[in-house]
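Accompanying notes for the structure given below.
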Amino acid sequence: MNRLLLILMLVASSVQAAPLTAVTADSINILFRPGSSRVERNLAGNDSVLQRFVAEIRRQSEADNIDSIVIKAYTSPDGVSTANVELSSFRGNAVADFLVSATGINPGFINVVAGGIGWDGLRRAVDNDRTLPYRKEVLRIIDNTPVWVRDSHGDITGGRKKSLMVLYGGEAYRQLRARFFNKLHYAEIVLYIKKRLTLQNDCYRLVPVTSGDIPIIPACLTEIKDKGVHPDIATSQSWRGRVALKTNLIYDIALMPSIELEFRMNRSLSFNIEGNIAWWKKKEEHKCYQLAIVSPELRYWVRRRSILRGFYTGIFIGGGIYDLENGKKGYRGEGLMAGVSVGYSWPVSRSVSIEAGLGLGCASLRNKEYVPFEGHHIYLRTSRTSYWGPLKAKLAIVWRLGTIFYKQS
């Protein structure tokens with residue numbers, strides 16, 4: 001039995017994600033009305049770019065190529081800075097909700113950044129408008145004045161916005177508001193897809209993770225950044241939303257606490273490992289309820305998009321030890337099991353879902369029967385038992401690791 005448990009632990013520890021990098025596949029900008037965080041498809045050409053972007057997400061999702069979607073939302077300088085940050089956060093999350101609803105993508109792939117005031121967008125607009133009065137002075141302030149200027153005590157004494165508002169008695173700021181501010185209420189959305197780096201002749205090649213119509217892009221190491229590789233997404237972040245932590249409420253209620261980890265391997269397969277333990281004992285009454293079970297499972301997902309929703313089928317094995325005594329007679333031993341499973345998972349929020357399932361198969365048990373007597377166990381006999389039928393029942397709470405932090409960074 002100890003050998004079996006060791007093998008199961010080694011199998012679980014061997015599941016690793018291949019090193020990946022992220023490459024830009026598509027990007028769009030959409031506009032918002034001032035003060036609003038609602039995604040309006042009929043506003044300023046939003047509909048056409050959103051249609052194209054949604055189609056691209058679906059295509060890359062079907063090929064299991066998506067690494068992440070980064071949404072950066074901004075506002076104009078008008079208003080209180082803290083309110084601008086909050087508004088940009090609302091806008092980013094509204095875009096995330098729209099994309100999840102339109103594509104069914106796993107929300108764990110989405111990263112929302114509350115950009116606050118869109119200073120970079122304002123600078124580009126000013127730089128491109130050669131007719132703007134005081135253009136050089138405005139660019140100088142944007143480039144050289146910090147967002148906040150503080151004194152030696154840390155108190156705010158000024159900043160970029162204040163410097164623009166007082167420039168030429170406020171005339172420069174009025175020109176900026178009239179020409180550019182409506183265009184600063186926007187969100188920038190970037191789709192990154194997974195590529196695997198392979199070393200060939202001292203150069204790296206960006207290779208699609210799955211087959212498809214995405215071309216192979218040759219690049220030397222120094223050229224990687226010029227091929228659209230996301231500079232802020234580390235290789236280790238490709239696990240985001242692909243690892244789920246679970247607990248089975250049925251076993252928890254039965255005082256056999258359970259914990260599970262599920263790793264998404266590709267668009268169709270995942271690896272789930274489940275552990276249950278109950279170690280309760282009433283020594284004075286000679287009653288014992290002790291079990292420890294480990295069960296790895298390989299699953300095939302019909303939907304193929306995420307471990308958030310849809311039907312799955314699986315095959316599992318497992319083993320454990322037990323000691324069950326009712327005060328009159330006890331059974332101590334070890335067992336093995338194997339079988340097939342079916343289940344369904346559906347979301348209740350961006351990070352949490354509910355999973356229900358059932359496992360059927362066979363189990364082989366080796367029992368040592370005993371009776372308790374004056375603090376001792378009197379051995380009776382050893383028997384073997386085989387069982388065919390239900391082996392697992394599941395109603396689990398699922399939390400996809402990494403998704404709780406994606407709303408804002």
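- The backbone N or O of G159 sits less than 3.5 Å from a side-chain atom of S163, completing a donor-acceptor pair.
- Atom OH of residue Y74 and atom NE2 of residue H185 lie 14.5 Å apart, to the nearest 0.5 angstrom.
- Annotation: side chain of I317 is in contact with side chain of P296 (closest heavy-atom distance under 4.5 Å).
- Distance check: L50 CG to I57 CD1 gives 9.0 Å after rounding to the nearest 0.5 Å.
- The backbone N or O of G45 lies less than 3.5 Å from a partner atom in the side chain of S48, making a donor-acceptor pair.
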Run the numbers on K394 and E260 for salt bridge (Lys or Arg N to Asp or Glu O under 4.0 Å), then give the verdict.
-> CA-CA 11 Å; K394 178 171 294 185; E260 299 179 43; 2.9 Å; yes
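- The shortest distance between side-chain heavy atoms of E369 and R332 does not fall below 4.5 Å.
- Aromatic ring centres of F311 and Y300 lie farther apart than the 6.0 Å criterion allows.
- The shortest distance between side-chain heavy atoms of P77 and L184 falls below 4.5 Å.
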R150 and D155: CA distance, side-chain angles, deciding distance, salt bridge (Lys or Arg N to Asp or Glu O under 4.0 Å) verdict = CA-CA 5 Å; R150 301 177 183 272; D155 297 326; over 6 Å; no
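- Atoms CH2 and CG, from W279 and D323 in turn, are 7.5 Å apart once rounded to the nearest 0.5 Å.
- The existence of a salt bridge linking R41 and D47 is confirmed by a sub-4.0 Å separation between a basic side-chain nitrogen and an acidic carboxylate oxygen.
- L269 CG to L298 CG: the interatomic distance, rounded to the nearest 0.5 Å, is 5.5 Å.
- In this structure, the separation between CD on E297 and CD on E274 is 8.0 Å, given to the nearest 0.5 Å.
- Judged by distance alone, with hydrogens and angles left aside, the side-chain atoms of S101 form no donor-acceptor pair with the main-chain N or O of F98 at under 3.5 Å.
- A tilted orientation is assigned to the rings of Y312 and W301, their planes being inclined by 30° to 60°.
- In the model, R59 has no side-chain atom that pairs as donor or acceptor with a side-chain atom of N65 under 3.5 Å.
- Inspection of the K392 and N248 side chains reveals no N or O donor paired with an N or O acceptor under 3.5 Å.
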Report the C-alpha separation of R135 and D129 in whole Å, then their side-chain angles, then the decisive distance to 0.1 Å, and conclude whether the salt bridge (Lys or Arg N to Asp or Glu O under 4.0 Å) test is met.
-> CA-CA 8 Å; R135 174 174 168 273; D129 189 344; over 6 Å; no
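- Side chains of K162 and V149 form no contact here, defined as non-hydrogen atoms less than 4.5 Å apart.
- Using a distance-only test at 3.5 Å, with no hydrogens or angles considered, a donor-acceptor pair links the side chain of S88 to the main chain of G116.
- Under the 3.5 Å distance criterion, with hydrogens and angles disregarded, no donor-acceptor pair is assigned to the side chains of T382 and N367.
- Stacking of K329 on the aromatic ring of Y370 is not recorded, the 6.0 Å distance cut-off and the 45° axial limit not both being met.
- I105 CD1 to Q60 CD: the interatomic distance, rounded to the nearest 0.5 Å, is 10.0 Å.
- A donor-acceptor pair is defined here as one N or O able to donate and one able to accept, closer than 3.5 Å; such a pair exists between the side chain of N46 and the backbone of E40.
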